[in-house]
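As the structure lists them, so they are numbered: ligands from 1, and atoms in each ligand from 1. Just so you know, these numbers use all the heavy atoms, side chains as well, and skip hydrogens, waters and symmetry mates.
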Amino acid sequence: MIESRFGLTTHNGDHVTERDFLGFYLLVYFGFTNCKVVCPRSLAKLSSALDRVGELSARVKPLYVTVDPARDTPAAMKAYLEVRFPRFTGLTGSEEEIKAAKSAFRVFAERKGLDDDYTVPHTAIAYLMSPTGSYLDHFPDSVDEETVVDRMTRLIQSVS
Ligand code: NI
């Protein structure tokens with residue numbers, strides 16, 4: 001079961017938990033800012049899908065949770081997201097906090113490579129959570145933008 005449960009720090013340095021977002025749909029995606037291909041592709045698709053969802057997207061908080069807290073400080077996430085994917089709020093934390101968030105969302109990610117040059121292959125799925133924090137839907141990287149727009153629009157209209 002996918003659970004919306006986390007205690008993390010935003011890219012602006014505020015400590016938040018899932019309770020701070022009650023009343024909003026959450027679109028939660030895990031990745032890391034040094035990710036060369038998958039994260040940029042997913043974040044671009046999700047951002048574009050939210051644009052196309054239109055006014056309803058005001059009810060959605062898109063969250064980008066790092067799986068690489070050692071490098072993804074709040075400042076690093078802010079610099080990355082502000083320029084390229086401004087809809088997203090970056091979330092980071094201690095190794096333990098990130099581990100707990102990954103576990104709640106059933107996300108897999110494990111560091112691979114040398115200490116100073118590593119990558120973090122990760123689950124590439126965006127989770128849509130309801131305003132009360134329950135699981136609604138998930139969008140793997142392979143799902144196209146059209147499908148994300150359709151499913152997100154339908155769910156936001158039908159679940160209050
Ligand atoms: Ni990635």
Check your understanding: Which class fits the ring pair His138 and Tyr127: parallel under 30°, tilted 30 to 60°, perpendicular over 60°?
Key -> tilted
Exercise for review: Give every residue pair that meets the side-chain hydrogen bond (donor to acceptor under 3.5 Å, both in side chains) criterion with at least one member in residues 28-53, sequence neighbours excluded.
Suggested key: Tyr29-Ser42, Thr33-Asp72, Arg41-Asp141, Ser42-Asp141, Ser48-Glu145, Asp51-Arg87, Arg52-Glu145, Arg52-Glu146
Review point. Any donor-acceptor pair under 3.5 Å linking the side chain of Glu18 with the backbone of Phe6?
Key: yes
Exercise for review: May I ask you to establish whether Lys61 and Phe24 are in a cation-pi arrangement, using a distance under 6.0 Å from NZ or CZ to the six-membered ring centre and at most 45° from the ring axis?
Suggested key: yes
Point to revise | Distance below 2.8 Å from the Ni ion (ligand 1): protein N/O/S atoms | key: Cys35 SG, Cys39 SG, His122 NE2
What side-chain donor-acceptor pairs closer than 3.5 Å can you find for residues 100-114, not counting sequence neighbours?
from, atom 1, to, atom 2, distance (Å)
Lys102, NZ, Ala109, O, 3.1
Arg106, NH1, Ser103, O, 2.5

Practice item. Please list, chain by chain and in numerical order, all residues satisfying side-chain contact (heavy atoms from CB on, under 4.5 Å) with Pro74, sequence neighbours excluded. Key: Thr9, Thr92
